[in-house]
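Have a look at the structure below, then the notes.
These figures come from a predicted structure and were not determined experimentally. Letters A, B, ... mirror the listed sequences (proteins, then strands); counts begin at 1.
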Amino acid sequence: MTGPSPAAVSGSSRTVSPFAPADVLAPRIGAAIEAAFGAEYAGVDPLLRPSQFADLQANVALSLAKKVGAKPRDVAEKIVAALDVSDLASSVEISGPGFINLTLSPGWLSGAATSMAGDERLGVPRQERQIVPIDYSAPNVAKEMHAGHLRTTVVGDSLARTLEHLGHQVIRQNHIGDWGTPFGMLIEHLLDVGETSDEATLLEVDPNSFYQHAREKFDSDPAFADRARGRVVKLQAGDAPTLAVWNRLVGLSKVYFNRIYSALDVTLTDGDLAGESMYNDQLQAVCDELEDRGIAVISDGALCVFLPGYTGREGKPVPLIVRKSDGGYGYGTTDLATVKYRVQQLHANRILYVIGSPQSLHLNMVWDTARAAGWLPDDVEVVHVQIGNVLGSDRKMLRTRSGNPLRLMGLVDEANTVARKVIDEARPDLDEAIRAEIAPQIGVGAIKYADLSVAHDTEYVLDLERMVSLTGNTGPYLQYAAARIHSIFRNAGMAPDAATAPIVVAEAAERDLVLALLQFGSTVALVGDALEPHRLAGYLFELAQAFSSFYEKCPVLKADDAAVRDSRLALSALTLRVLTQGLELLGIRSPERM
RNA sequence: GCGCCCAUAGCUCAGCUGGAUAGAGCAGCGGACUUCUAAUCCGCCGGUCGCAGGUUCGAAUCCUGCUGGGCGCGCCA
């Protein structure tokens, strides 16, 4: 067994939302349990779950039965007898073996929805502030970004947005690959072609070509290869002219990264760059400290950390190599330095690594080493937000090495082209300029949603058609729902903000919509807690479905009654705010027309 | 060999941390635009939750074994 050490779980407080029915009901049921069975049962989870027979069901009676030595049904009776929810529920029923079915009253739903509409935060709790460095995206200098980078970038960005919204101080850490052996070759190639040449410009638009040209020269021209190797030595020695060229190389790549981030509408900026090179001056100290304290030992000429519980082939211990036998440092050393930096300099409470799942073993070894060295205290939570492998159509893992033809920029372009085609067909009435502005919001929304709507740790086959699809459970479906609401207000000649009438729940479709709306705050809190943006995506899809259904069944502007019309306007406005806010947390735009 | 992860409808995936009759989307079939945007809505069809045991009031979910697949396991990152 490898020794994946239990991360010091700081138990990030799963805060409650003031409008979510389950959050409101839980303490009531808790009080009833306490009243019925005594203070020792004060803290038990009422096990509130959505129900097919009511709005919610509490399953606690079944789990409590054997503890209190009574039949589940009788336990439920006692809880219900002590339960006071007359202001919330229109019906409390015990059914089956002891389920407590709760149906919320229209009056409470109306009041909760109206209150939510008056809340700036839409019921999203503000949590106790934590400092949370998030390591994500991490492209390589002079390398094309591919579909694998898309996922870490999009998921990491959504987590950053969500945690910030919950009140945390997020520190984005774009750990770009800007150091290492290939840089000798890249620098020499850049020197050969000239920094202002067309070839150099490839770094901004088609970095793989630049890389491959350098690689070809390296493989075919021994003299070039020698120069490249010599250049690595100079680079690592801190030779000033070499560093100047290296800087230029990184600068050209930054242009490329920023083009992608801008196209993808990702929040990463140059200020978030925290590449491998940033830790150069700390690597020796990391090694020295580990060696001096006996945590690392020399093995086959390399400085290694051997941790208990990590064995590989033939039962041999697996090392974390912190200094290669040639004296160079690998990524293990850099990763240790990042842990130190994030704990000691950034004062992190919780550190997220949004990186590929194959790195799991490596990360655990880094963390265990950091713990052994005292660099990672128990009260700092480290989490590997595992990004599942992206597979090609052959179901094989896409690798950077294989020179996969599907460039990320190509994927974006393709999606935007499809979006443009669809909008041209569907909305010829819109101005050319408006369609040109909206199409990329839809195309990129489709791509991002495709990645955000599935669990981040599952591997998946890259399916272009699915990613750029605009119907069904897709980003554009959510955007469309929001756009229809904007349209209602355009027709009404009023701003959504002006729709502040009380919300009154009457029709079933209104009820379903309100019920969905009230879950927003607790859903966002859950995403921050579990670090799973796909739950927010799933929630928003359900909300959009509830709205679409409401839209079909409940005329807003043509409602017979003025109060009903005003209520529905307020309900539509609230839905719009939740959809827009939710999409923003996913990093997806909400066009006003589409 | 050791370790980690995965297996749910024809396809792509959910399944709120153990709850009642397992849900969506796509595909297929049938309906709904002189009515706030049909990128939509309503309905139908479709599953032995890989297999076998176990735990318990109750299992897609937890445990064990098996089958099948992915990934990782010393000087690339």
Under 4.0 angstrom between [X] side-chain N/O and [N] OP1 or OP2:
X	N	result
T458(A)	A14(B)	yes
H384(A)	C4(B)	no
S487(A)	U37(B)	yes
R484(A)	A38(B)	yes
S549(A)	C42(B)	yes
K71(A)	C57(B)	no
Q545(A)	G25(B)	yes
Y477(A)	C41(B)	yes
R49(A)	G19(B)	yes
Y331(A)	A77(B)	no

Let me see the working for F550(A) and F547(A) under ring pair (Phe, Tyr, Trp, His ring centres under 6.0 Å), right down to the final yes or no. CA-CA 5 Å; F550(A) 161 83; F547(A) 177 78; 5.7 Å; yes
Once the angle between the rings of H175(A) and Y279(A) is folded into 0 to 90°, is it parallel (under 30°), tilted (30 to 60°) or perpendicular (over 60°)? tilted
Indicate the ring-plane relationship of W367(A) and H384(A), choosing parallel, tilted or perpendicular according to the 30° and 60° boundaries. perpendicular
At under 4.0 Å between heavy atoms, what does R313(A) touch on the DNA or RNA strands: base, sugar-phosphate, or nothing? base
So D429(A), base contact, sugar-phosphate only, or nothing? Heavy-atom distance under 4.0 Å. nothing
Counting side-chain heavy atoms from CB outward, which of U21(B), C36(B), G72(B) is closest to P358(A)? G72(B)
Please determine, for the side chain of Y480(A), which listed nucleotide (A77(B), G25(B), U37(B)) has the closest atom? U37(B)
Can you measure from CZ (R565(A)) to OG (S572(A)) and round to the nearest 0.5 angstrom? 11.0 Å
Distance between the [atom1] atoms of [N] and [M], in whole angstroms?
N	M	atom1	result
G23(B)	G47(B)	P	13 Å
G25(B)	U40(B)	C1'	14 Å
A59(B)	U55(B)	C1'	10 Å

Distance, rounded to the nearest Å, where I298(A) contributes CD1 and G74(B) contributes P: 18 Å
Whole-Å distance, D23(A) CG to C16(B) P, equals 17 Å
[N] pairs with which nucleotide, Watson-Crick or G-U wobble, both distances below 3.5 Å?
N	answer
G46(B)	none
A9(B)	none
U61(B)	none
G1(B)	C73(B)
A32(B)	U40(B)
A27(B)	none

The answer to which of N59(A) and P476(A) contacts RNA chain B further toward the 5' end, by nearest nucleotide, is N59(A)
With nearest nucleotides of RNA chain B determined for V454(A) and L48(A) from heavy-atom distances, which residue corresponds to the more 5′ nucleotide? V454(A)
Salt bridge between R420(A) and D424(A), side-chain N to carboxylate O under 4.0 Å? yes
If you measure from the Lys or Arg side-chain nitrogens to the Asp or Glu carboxylate oxygens, is any gap between R511(A) and D55(A) under 4.0 Å? yes
Given the structure, check if the side chain of [X] and the base of [N] hold any donor-acceptor pair shorter than 3.5 Å.
X	N	result
S325(A)	G74(B)	no
Q479(A)	A39(B)	no
N101(A)	A20(B)	yes
S95(A)	A20(B)	yes

Do you know the tightest heavy-atom contact between E144(A) and P207(A)? OE1-CD, 3.5 Å
Is F541(A) stacked on the base of A24(B), with ring centres under 5.5 Å apart and planes under 30° apart? no
